[in-house]
Visitor: 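Would you mind keeping the following structure in view while I ask a few things?
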Amino acid sequence: MTVITRFAPSPTGFLHIGGARTALFNWLFARHNGGKFLLRIEDTDRKRSTEEAIEAIFEGMKWLGLNWDDDVIFQFSNAERHAQMAKKLIDEGKAYYCYASKEELDEMRKKQRADGKTTRYDGRWRDRDASEAPEGVAPVVRLKAEQDGETTIKDMVQGEVCVANNQLDDMILLRADGTPTYMLSVVVDDHDMNISHVIRGDDHLTNTFRQIQLYKALGWDTPEFAHIPLIHGADGAKLSKRHGALGAEAYRDMGFLPEAMRNYLLKLGWGHGDDEIISTKQAIEWFDVSGIGKSASRFDMTKLTNLNGVYIRESDNDKLVELIVPMIEKKLEISIDENGKSHLLKGMNALKERAKTIIELAESAEFYVAKRPLEMNAKALKLLNENGMERLVKFKAELDNCTDWKQETLENLAREHAEKAEVKLGKVAQPIRAALSGSNVSPPIFQVMEVLGKEETMGRIIDVM
RNA sequence: GACCCCAUCGUCUAGGGGUUAGGACACUGGCCUUUCACGCCGGCAACGCGGGUUCAAAUCCCGCUGGGGUCGCCA
């Protein structure tokens with residue numbers, strides 16, 4: 001069997017973390033099995049679907065590197081086909097018109113609730129003749145669902161889950177305005193698209209019982225189902241905007257790398273022994289539904305951040321420079337020339353092992369390209385107090401004479417100087433660090449000197465004298 | 001409320017009748033060290049509770065508790 005999966009978001013908001021993971025799992029499953037991964041926009045709710053949301057979903061998917069096969073399918077464009085299927089069911093006596101008003105249904109549910117029963121449509125128009133229809137009321141179309149026995153889902157994650165059919169009700173297929181509902185559209189589209197595996201959040205599990213009834217009514221085979229547990233916020237409650245239910249692009253803007261995000265999302269709810277750092281290539285090779293756990297997991301920003309640090313350290317220096325240049329240019333309102341870029345590139349190995357996000361990386365790299373004279377922070381100022389300045393002035397004399405401007409040579413020079421003066425190396429190094437970086441924290445300072453070059457280094461030292 | 005699902009360190013998880021219950025993040029002690037990191041070596045820390053079944057239960061069964069999901073002319 002050819003594996004075909006799909007990610008089917010409704011365009012009512014950005015691509016949030018839960019959706020991103022669902023997309024990732026579908027993508028991995030398809031890639032692992034050499035199948036197809038399709039993208040379908042579930043825009044049947046015309047009122048809430050927006051163009052911006054569609055764009056945000058595309059952007060998010062692209063950023064995460066989840067490439068889909070074939071053209072995107074917009075569900076609403078199949079509305080006619082969906083309506084036809086509903087009509088077919090009516091003709092076959094498997095669906096019917098219901099003229100119940102909203103108020104009527106509200107009342108019905110209220111009463112059921114008060115009686116401690118499951119709230120469900122009671123089938124009041126199931127067997128009534130159309131001649132009884134009230135005038136001027138546009139009816140909805142409901143499925144005449146099986147009332148006896150039970151419906152079972154054989155779920156690849158949840159196992160067999162059963163529910164008595166009398167818990168289910170006659171769901172709406174076509175709204176009063178004739179447009180199809182999600183329940184109808186999803187079933188027809190999944191069938192028409194030959195979806196072999198439906199992998200989605202387990203908030204859809206109870207919908208699936210109804211959908212299975214619909215598959216049966218239409219005489220179609222059901223796809224395989226895999227309902228994956230939801231992601232919760234750090235406090236265990238449903239992920240909300242307050243927690244981290246942000247769009248994928250928000251994480252990009254916070255300085256996260258898509259590969260780190262992918263690794264994190266993968267590990268959230270799926271495991272492969274003790275493996276933590278899993279490349280995408282490896283993930284495709286290893287991914288299987290049996291590795292998905294059944295319990296919900298909490299979104300942990302700290303772990304994502306740690307993982308991001310790992311991926312930053314593994315990233316190519318050129319790529320990182322490309323990422324931070326525009327950020328620094330914007331913040332410092334400068335234009336970074338080739339010389340500046342080359343400083344960043346030379347310093348990158350040391351820079352990248354100190355950053356956990358691209359934002360941090362950019363900030364820690366600013367001093368390399370900042371305009372002279374550098375702004376000194378409080379701690380730098382402290383390092384350049386009387387004692388520090390005195391040390392700096394003395395050592396500067398030796399630097400002036402240095403002709404071999406290399407990290408190792410410079411370090412040896414400083415060590416000898418410290419030894420002669422009977423002070424610790426830090427006494428020599430820290431004031432230089434302050435002068436060159438404007439801070440008390442930087443990459444190894446002798447490396448910074450080499451990267452900056454003699455002229456720039458001496459210039460910055462003179463600036464603080 | 002009804003129906004359904006879940007339950008191992010604070011978090012993500014491995015294990016799935018006999019383990020000193022393993023790893024990772026976080027926290028923490030130390031080493032390295034010119035700062036900050038990285039790295040390395042250690043530490044803290046878990047099978048929700050109660051009943052069974054069994055020679056033996058974190059693991060299987062039941063109940064409880066706790067958490068979650070669904071119950072729309074939303075998806």
Side-chain angles (χ1 to χ4, degrees), chain A residues 8-12 42-45 47-49 75 98 100-102 105-106 109 112-121 138-142 153 155 157-159 161-164 166-169 171-177 179 181-183 185-186 201-207 209 227 229-230 232 234 236-238 264 267-277 293-307 309 313 350-356 364 379 383 411 414-415 418 424-434 437 439-446:
Chain A
S10 63
T12 52
E42 312 234 308
D43 55 353
T44 52
D45 183 345
K47 291 187 194 93
R48 295 200 303 155
S49 299
Q75 187 159 60
C98 166
S101 70
K102 243 181 189 149
L105 293 174
D106 282 346
R109 292 192 185 103
Q112 288 169 336
R113 190 94 186 222
D115 294 346
K117 290 179 187 161
T118 302
T119 49
R120 55 189 287 279
Y121 174 70
V140 298
V141 173
R142 289 182 182 270
I153 302 171
D155 193 275
V157 172
Q158 306 291 334
V161 187
C162 280
V163 74
N166 61 22
Q167 293 294 324
L168 275 19
D169 65 4
M171 62 180 170
I172 294 176
L173 266 20
L174 250 34
R175 300 186 187 99
D177 66 3
T179 59
T181 61
Y182 160 77
M183 287 290 189
S185 299
V186 98
D202 73 9
D203 49 336
H204 283 286
L205 189 66
T206 51
N207 287 332
F209 295 112
H227 287 92
L230 266 20
H232 292 158
K238 194 177 180 179
Y264 178 70
K267 278 282 296 166
L268 207 54
W270 180 86
H272 187 269
D274 282 339
D275 296 302
E276 297 287 341
I277 308 301
K294 292 175 85 173
S295 50
S297 43
R298 302 181 187 205
F299 186 75
D300 181 7
M301 200 68 158
T302 314
K303 189 142 187 174
L304 204 211
T305 304
N306 171 273
L307 221 35
R313 270 172 257 143
L351 249 19
K352 71 181 178 184
E353 90 184 12
R354 289 165 171 72
K356 295 220 184 296
S364 69
K379 292 199 170 150
L383 286 170
E411 182 169 343
R415 283 187 191 283
K424 285 191 174 173
L425 183 56
K427 292 288 177 199
V428 183
Q430 286 299 78
I432 308 175
R433 189 186 312 283
S437 71
S439 157
N440 59 319
V441 174
S442 84
I445 199 61
F446 304 110

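Quick caveat, the model's predicted, so the values are computed rather than measured. Naming convention: chains lettered A, B, ... in sequence-line order (proteins, then strands); numbering from 1 in each chain.
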Visitor: What is the distance, rounded to the nearest whole Å, between atom OH of A:Tyr264 and atom P of B:A26?
Guide: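 About 13 Å, once rounded to whole Å.
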
Visitor: Answer with base, sugar-phosphate or nothing: what part of the nucleic acid does A:Cys162 contact at a heavy-atom distance below 4.0 Å?
Guide: sugar-phosphate

Visitor: Who are the salt bridge (Lys or Arg N to Asp or Glu O under 4.0 Å) partners of A:Arg415, not counting sequence neighbours?
Guide: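 Partners of A:Arg415 under the salt bridge (Lys or Arg N to Asp or Glu O under 4.0 Å) test: A:Glu411.
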
Visitor: Looking at every strand, decide which applies to A:Gly201 at a 4.0 Å heavy-atom threshold: base, sugar-phosphate, or nothing.
Guide: nothing

Visitor: What residues form a salt bridge (Lys or Arg N to Asp or Glu O under 4.0 Å) with A:Asp155, not counting sequence neighbours?
Guide: none

Visitor: Find the distance A:Phe209:CZ to B:A2:P and express it as a whole number of Å.
Guide: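 Roughly 18 Å, once rounded to whole Å.
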
Visitor: Kindly give the atom pairs (protein nitrogen or oxygen, nucleotide nitrogen or oxygen) under 3.5 Å for nucleotides 47-49 of chain B.
Guide:
none

Visitor: When you measure from the side chain of A:Asp202 to the backbone of A:His227, do you find a donor-acceptor pair of N or O atoms at a distance under 3.5 Å?
Guide: no

Visitor: How would you label the contact of A:Val140 with the nucleic acid (heavy atoms, under 4.0 Å): base, sugar-phosphate, or nothing?
Guide: base

Visitor: What does A:Asn207 touch in the nucleic acid at a heavy-atom separation under 4.0 angstrom: a base, only the sugar-phosphate, or nothing?
Guide: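 Answer is base: heavy atoms of A:Asn207 come under 4.0 Å of a base.
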
Visitor: Quick one: side-chain contact (heavy atoms from CB on, under 4.5 Å) partners of A:Asp275, sequence neighbours excluded?
Guide: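 So A:Asp275 forms a side-chain contact (heavy atoms from CB on, under 4.5 Å) with A:His272, A:Ile278, A:Trp286.
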
Visitor: Using the test salt bridge (Lys or Arg N to Asp or Glu O under 4.0 Å), find all partners of A:Asp169 that sit at least two apart in sequence or belong to another chain.
Guide: A:Arg210

Visitor: Describe the nucleic acid contact of A:Ser437 in one word from base, sugar-phosphate, nothing, applying a heavy-atom distance below 4.0 Å.
Guide: nothing

Visitor: Which value, in whole Å, describes the distance between the C1' atoms of nucleotides B:C62 and B:U53?
Guide: 11 Å

Visitor: Base, sugar-phosphate, or nothing: which does A:Glu42 touch, judged by heavy atoms less than 4.0 Å apart?
Guide: sugar-phosphate

Visitor: Can you name the residues that form a salt bridge (Lys or Arg N to Asp or Glu O under 4.0 Å) with A:Arg48, not counting sequence neighbours?
Guide: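 Counting only residues at least two positions away or on another chain, A:Arg48 forms a salt bridge (Lys or Arg N to Asp or Glu O under 4.0 Å) with A:Asp45.
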
Visitor: Taking 4.0 Å as the cut-off, does a side-chain nitrogen or oxygen of A:Arg109 come that near to OP1 or OP2 on B:C73?
Guide: yes

Visitor: Which pair of heavy atoms, one from A:Gln112 and one from A:Thr119, lies closest together, and at what distance?
Guide: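 A:Gln112 and A:Thr119 have their closest heavy atoms at OE1-CA, 3.3 Å.
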
Visitor: Taking the P atom of each, how far is B:U35 from B:C47, in whole Å?
Guide: 41 Å

Visitor: Using a cut-off of 4.0 Å between protein heavy atoms and nucleotide atoms, how would you tag nucleotides 31-46 of chain B 5' to 3' with B, S and -?
Guide: ---BBBBSS-------

Visitor: Can you tell me if A:Asn306 touches the phosphate of B:A26, counting only side-chain N or O atoms and a distance under 4.0 Å to OP1 or OP2?
Guide: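 Yes, within the criterion.
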
Visitor: With sequence neighbours left out, write down each residue that passes side-chain contact (heavy atoms from CB on, under 4.5 Å) with A:Asp106, or none if nothing qualifies.
Guide: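 Listed in chain order: A:Arg109.
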
Visitor: On the nucleotide B:C5, are OP1 or OP2 found under 4.0 Å from the side-chain N or O atoms that A:Lys294 carries?
Guide: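 No, outside the criterion.
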
Visitor: Side chain to side chain donor-acceptor pair (under 3.5 Å) with A:Ser295: which residues, sequence neighbours excluded?
Guide: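 Per chain and number, A:Ser295 pairs via side chain to side chain donor-acceptor pair (under 3.5 Å) with no residue.
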
Visitor: May I ask which nucleotide in the shown strands pairs with B:U54, Watson-Crick or G-U wobble, both distances under 3.5 Å?
Guide: none

Visitor: What does A:Thr119 touch in the nucleic acid at a heavy-atom separation under 4.0 angstrom: a base, only the sugar-phosphate, or nothing?
Guide: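 Base contact - A:Thr119 has a heavy atom under 4.0 Å of at least one base atom.
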
Visitor: Of A:Thr44 and A:Leu304, whose closest RNA chain B nucleotide lies nearer the 5' terminus?
Guide: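 Comparing both residues, the 5'-ward one is A:Leu304.
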
Visitor: Sequence neighbours excluded, which residues qualify as side-chain contact (heavy atoms from CB on, under 4.5 Å) partners of A:Thr181?
Guide: A:Ile172, A:Arg175, A:Met183, A:Leu184

Visitor: Between A:Asn440 and A:Arg433, which heavy-atom pair has the shortest distance, and what is it?
Guide: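 So the minimum-distance heavy-atom pair works out to O-CD, 3.2 Å.
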
Visitor: Summarise how protein sits on nucleotides 64-69 of chain B as a single string, 5' to 3': B when a protein heavy atom is under 4.0 Å from the base, S for sugar-phosphate-only contact, - for no contact.
Guide: ----SB

Visitor: Partner of B:C32 by Watson-Crick or G-U wobble geometry, both contacts under 3.5 Å, or none?
Guide: none

Visitor: At under 4.0 Å between heavy atoms, what does A:Ala138 touch on the DNA or RNA strands: base, sugar-phosphate, or nothing?
Guide: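 If one applies the 4.0 Å heavy-atom cut-off, A:Ala138 turns out to touch nothing in the nucleic acid.
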
Visitor: Could you give the NZ-to-P distance, from A:Lys303 to B:A24, as a whole number of Å?
Guide: 9 Å

Visitor: Applying a 3.5 Å limit to both distances, which nucleotide forms a Watson-Crick or G-U wobble pair with B:U11?
Guide: B:A24

Visitor: Scan nucleotides 14-16 of chain B against the protein and return all N/O pairs shorter than 3.5 Å with their distances rounded to 0.1 Å.
Guide:
none

Visitor: Starting at NE2 of A:His227 and ending at P of B:A75, how long is that distance when rounded to a whole Å?
Guide: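 Going from A:His227 (NE2) to B:A75 (P), I get 16 Å.
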
Visitor: Taking B:A45 as the reference, what is the distance to B:G29 when you measure between their P atoms (whole Å, please)?
Guide: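 My reading of the P atoms in B:G29 and B:A45 gives 16 Å.
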
Visitor: Specify the separation, in whole Å, of atom CG of A:Asp115 and atom P of B:C3.
Guide: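 Atom CG in A:Asp115 sits about 14 Å away from atom P in B:C3.
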
Visitor: Would you say A:Arg142's side chain and A:Met171's backbone share a donor-acceptor pair under 3.5 angstrom?
Guide: no

Visitor: Rounded to the nearest Å, what distance is computed from the CD atom of residue A:Glu276 to the C1' atom of nucleotide B:A26?
Guide: 13 Å

Visitor: Could you check which of B:A75, B:C3, B:C73 has an atom nearest any side-chain atom of A:Ile172?
Guide: B:C73

Visitor: Establish, with yes or no, whether the OP1 or OP2 oxygen of B:U11 is under 4.0 angstrom from a side-chain nitrogen or oxygen of A:Ser297.
Guide: no

Visitor: Aromatic rings A:Tyr264 and A:Phe299: how do their planes relate, parallel, tilted or perpendicular, breaks at 30° and 60°?
Guide: perpendicular

Visitor: Just name whichever nucleotide pairs with B:C49, Watson-Crick or G-U, keeping both distances under 3.5 Å, else none.
Guide: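 B:C49 is paired with B:G63.
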
Visitor: Whole angstrom is fine here: how far is it from CG in A:Asp275 over to C1' in B:C25?
Guide: 16 Å

Visitor: Quick one: A:Arg120 CZ to B:C4 C1', roughly how many Å, whole number?
Guide: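 Distance, rounded to whole Å: 16 Å.
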
